[in-house]
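Only one structure is covered here, and it is reproduced in the block below.
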Amino acid sequence: MSCTILKCKNTGSFSILLLIAVLFTACDWGNTPYKVDVTNIQADLKIKRFEKDLRQVADTNQFSESLKILEADYPVFFPVFKSEIFGWHKENDSAFVADFRAFVFDPYVQEVYDTVELRFGNFSKYEAELQKAFKHYKYYFPEREIPEIVTFVSNFTYASFTIDSSVLAIGLDMFLGDTFKYYNSIFPEYLTQTLKPEYLTANCMNVVGSMVYDISPENNALLSAMISAGKELHFIDRMMPSAPDYQKIGYTPEQTKWCKENEGQIWNFFIEKDLLFNTNQSETKKFMSPGPSTPGMPKDSPGKIGVWTGWQIVRSYVLKNPETKLDELMELKPEEILSGSRYKPRV
């Protein structure tokens with residue numbers, strides 16, 4: 001199971017005018033050449049609503065028999081839900097049915113399911129977003145199958161994950177909006193601000209990228225972690241070229257704006273503090289971890305500023321080396337990407 005968090009076609013070279021614009025002006029990544037034409041690409045999605053089907057089981061008078069039918073209808077997903085979400089690791093099926101029945105009819109659980117139904121009863125908007133993203137997925141990786149999509153209620157544990165590359169599971173209770181009454185008692189504020197429906201599709205494509213590529217840092221140096229995170233986000237760039245940056249990285253629009261306005265100062269901070277090749281994780285982890293802000297930087301800075309910076313370095317490399325295919329990019333070492341990016345934002 002891969003949790004959140006690919007042979008590609010050559011997208012062609014930049015025109016001279018566009019290259020000049022990229023080199024001498026600030027770039028809105030949503031307007032790059034990665035807006036490829038996917039009009040004629042088929043991306044047939046199979047979406048199954050586990051949370052709806054589970055409610056139907058609860059409404060029947062033959063719970064045990066209906067539950068068996070539900071298990072059979074979700075042969076890949078149900079065992080994971082049973083163990084990872086419900087937390088059942090025993091062999092006694094009769095005890096499981098009794099405990100699961102109590103879980104399904106718990107008033108708190110029912111309230112969460114009711115809220116999910118109100119927010120996502122009509123899933124057509126998000127189906128359209130996912131279909132567009134998976135059209136890009138098929139553009140770059142035509143030989144790969146699109147995973148079956150299963151929506152469910154995760155008991156506030158998983159936003160999305162993949163199972164054996166065949167299932168993409170989406171925990172809808174993780175996208176109910178930052179004002180949902182239970183969030184503040186479960187998550188810190190800097191996380192609740194992104195638990196909104198608008199972040200759903202980017203979150204899904206992040207775990208799809210993890211399903212396809214192993215983008216683990218090569219070593220303990222901060223640069224390696226930054227470039228690995230940048231590669232992950234660049235995958236989302238390719239799948240969702242028109243989406244705003246804040247959705248891809250899990251910031252607010254204001255936080256993304258701050259990063260863009262202070263890009264030069266952020267980079268100077270890493271250089272002046274000689275942090276890029278620092279391997280002391282107790283010192284460098286704070287630059288990669290979510291938080292209300294990044295330690296050592298202004299209060300207005302968002303957390304995980306190293307992730308954002310690594311993303312900009314990868315983007316800079318791709319803009320200056322447009323012939324690089326996605327597979328090739330993912331194989332490049334951090335030092336190669338940093339050198340080839342010629343990254344030097346204006347102060």
**Study point:** ring pair (Phe, Tyr, Trp, His ring centres under 6.0 Å) evaluation trace for Phe235 with Tyr140
**Key:** CA-CA 11 Å; Phe235 177 86; Tyr140 288 105; 8.5 Å; no
Review point. Can you check ring pair (Phe, Tyr, Trp, His ring centres under 6.0 Å) on Trp88 and Phe100, steps first, answer last?
Key: CA-CA 9 Å; Trp88 186 265; Phe100 197 67; 9.4 Å; no
Point to revise | Spacing of CD belonging to Glu263 relative to CH2 belonging to Trp308, to within rounding of 0.5 Å | key: 4.0 Å
Practice item. Give the intermediate values and the outcome of side-chain contact (heavy atoms from CB on, under 4.5 Å) for residues Tyr74 and Asp53. Key: CA-CA 10 Å; Tyr74 291 86; Asp53 292 341; 2.5 Å; yes
Point to revise | 4.5 Å side-chain heavy-atom contact, Leu233 and Val314 | key: no
Point to revise | Straight-line distance of Leu332 CG to Ser339 OG, nearest 0.5 Å | key: 11.0 Å
Check your understanding: Going through the distances and angles, do Leu130 and Phe123 end up as a side-chain contact (heavy atoms from CB on, under 4.5 Å)?
Key -> CA-CA 11 Å; Leu130 287 164; Phe123 198 67; 4.1 Å; yes
Review point. Can you check whether Thr324's main-chain N or O pairs, donor with acceptor, with Asn321's side chain at less than 3.5 Å?
Key: no
**Study point:** Check: Gln56 side chain, Lys52 main-chain N or O, donor-acceptor pair, under 3.5 Å
**Key:** no
Exercise for review: Determine, using the 4.5 Å side-chain heavy-atom cutoff (strictly less than), whether Ile271 and Phe269 are members of one ILVMFWY cluster.
Suggested key: yes
Review point. Quick one: are Arg119 and Pro197 in side-chain contact, heavy atoms under 4.5 Å?
Key: yes
Review point. Do the side chains of Ile186 and Thr192 get nearer than 4.5 Å, heavy atoms only?
Key: no
Practice item. Indicate yes or no for a side-chain donor-acceptor contact from Lys82 to the backbone of Glu71 under 3.5 Å, with no hydrogens or angles considered. Key: no
Check your understanding: Going from CE on Met174 to CG on Leu172, what distance comes out if it is rounded to the nearest 0.5 angstrom?
Key -> 11.5 Å
Practice item. Apply side-chain contact (heavy atoms from CB on, under 4.5 Å) to the pair Phe270 and Leu223, showing each step before the final yes or no. Key: CA-CA 10 Å; Phe270 284 112; Leu223 177 66; over 6 Å; no
Point to revise | Minimum side-chain heavy-atom gap Thr294-Lys286 below 4.5 Å | key: no
Exercise for review: Any chance you could lay out the side-chain contact (heavy atoms from CB on, under 4.5 Å) test for Phe134 and Ile149, step after step, and finish with the verdict?
Suggested key: CA-CA 11 Å; Phe134 275 111; Ile149 296 171; 4.2 Å; yes
Check your understanding: Between Gln255 and Thr252, is there a donor-acceptor pair closer than 3.5 Å when you use the side chain of the first and the backbone of the second?
Key -> yes
Review point. Any chance the side chains of Thr157 and Asn155 put a donor and an acceptor closer than 3.5 Å?
Key: no
Review point. If only atom types and distance count, is the side chain of Tyr199 paired as donor or acceptor with the main-chain N or O of Tyr251 below 3.5 Å?
Key: yes
Point to revise | Within the 6.0 Å centroid threshold, strictly below: Tyr182 and Tyr108 | key: yes
Point to revise | Electrostatic pair Lys257:Asp300 at N-O distance under 4.0 angstrom | key: no
Practice item. State, with a plain yes or no, whether a side-chain heavy atom of Leu276 is found less than 4.5 Å away from one of Met226. Key: yes
Practice item. Rounded to the nearest 0.5 Å, what's the gap from CD on Gln265 to CE on Met297? Could you check? Key: 10.0 Å
Practice item. Take Phe152 and Phe77, measure what ring pair (Phe, Tyr, Trp, His ring centres under 6.0 Å) needs, and give me the verdict at the end. Key: CA-CA 10 Å; Phe152 72 108; Phe77 174 76; 5.1 Å; yes
Point to revise | Tyr137 side chain vs Met205 backbone, donor-acceptor pair below 3.5 Å | key: no
Review point. What's the shortest heavy-atom distance between Ala229 and Val307, and which atoms?
Key: CB-CG1, 3.8 Å
Review point. Would you call Lys181-Glu111 a salt bridge at under 4.0 Å N-O?
Key: yes
Check your understanding: Between the main-chain N or O of Pro298 and the side-chain N or O of Ser301, is there a donor-acceptor pair closer than 3.5 Å?
Key -> yes
Study note, to complete from the structure: Heavy-atom closest pair (Cys259 atom, Ile266 atom, distance to 0.1 Å) is O-CD1, 3.9 Å
Review point. Is the Phe78 ring parallel, tilted or perpendicular to the Phe81 ring (thresholds 30°, 60°)?
Key: tilted
Check your understanding: Side-chain contact, heavy-atom cut-off 4.5 Å: Ile146 with Leu45?
Key -> yes
Review point. Do Glu51 and Thr151 have a side chain donor and acceptor closer than 3.5 Å?
Key: yes
Point to revise | Heavy-atom side-chain contact between Thr309 and Trp267 under 4.5 Å | key: yes
Check your understanding: Which one of Asp173, Leu195, Ile85 satisfies the side chain to side chain contact (heavy atoms under 4.5 Å, CB included) criterion with Phe156?
Key -> Asp173
Exercise for review: List the atom of Ile249, the atom of Lys304, and the distance in Å for their closest heavy-atom pair.
Suggested key: O-NZ, 2.7 Å
Study note, to complete from the structure: Tightest non-hydrogen contact, residues Pro302 and Trp258, listed as CD-CE3, 3.8 Å
Review point. Going by atom types alone, do Asn278 and Thr284 pair a side-chain donor with an acceptor below 3.5 Å?
Key: no
Exercise for review: State plainly whether the residues Asp237 and Lys248 are in salt-bridge range, i.e. N to O under 4.0 Å.
Suggested key: yes
Exercise for review: Can you establish whether the number of heavy atoms outside Gln110 located under 6.0 Å from its atom CD is more than 12?
Suggested key: yes
Point to revise | Lys132, NZ: over 12 other non-hydrogen atoms inside 6.0 angstrom | key: no
Review point. Shortest non-hydrogen contact from Arg49 to Gly121?
Key: NH1-O, 3.7 Å
Review point. When you measure from the side chain of Ser166 to the backbone N and O of Ile163, does any donor-acceptor pair fall under 3.5 Å?
Key: yes
**Study point:** Value rounded to 0.5 Å, distance of CZ in Phe187 from CG in Asp178
**Key:** 13.0 Å
Practice item. Please determine, by modelled atom types, if Glu336 and Tyr317 share a side-chain donor-acceptor pair under 3.5 angstrom. Key: no
Point to revise | Exam field: side chain Ser224 to backbone Ala221, donor-acceptor pair closer than 3.5 Å | key: no
Exercise for review: Please test Phe120 against Phe175 for ring pair (Phe, Tyr, Trp, His ring centres under 6.0 Å), starting from the C-alpha separation and ending with a verdict.
Suggested key: CA-CA 9 Å; Phe120 294 106; Phe175 301 100; 7.2 Å; no
Review point. Below 4.5 Å, heavy atoms only, C-beta onward: do His234 and Arg238 meet side chain to side chain?
Key: yes
Review point. Which atom names give the shortest non-hydrogen contact between Met211 and Thr162, and what distance separates them?
Key: CB-OG1, 3.8 Å
Review point. Is it the case that Arg55 places NZ or CZ above or below the six-membered ring of Tyr113, under 6.0 angstrom from the centre and within 45 degrees of the axis?
Key: no
Check your understanding: For the atom pair CZ (Arg101) and CG (Asp106), what is the distance rounded to the nearest 0.5 Å?
Key -> 13.5 Å
Exercise for review: Flag this pair as yes if the NZ/CZ of Lys231 is under 6.0 angstrom from the six-membered ring centre of Tyr213 and inside a 45 degree cone about the axis; otherwise no.
Suggested key: no
Exercise for review: Look at the side chain of Lys138 and the backbone N and O of Arg144, then say whether any donor-acceptor pair between them is shorter than 3.5 Å.
Suggested key: yes
Exercise for review: Determine, using the 4.5 Å side-chain heavy-atom cutoff (strictly less than), whether Ile69 and Val104 are members of one ILVMFWY cluster.
Suggested key: no
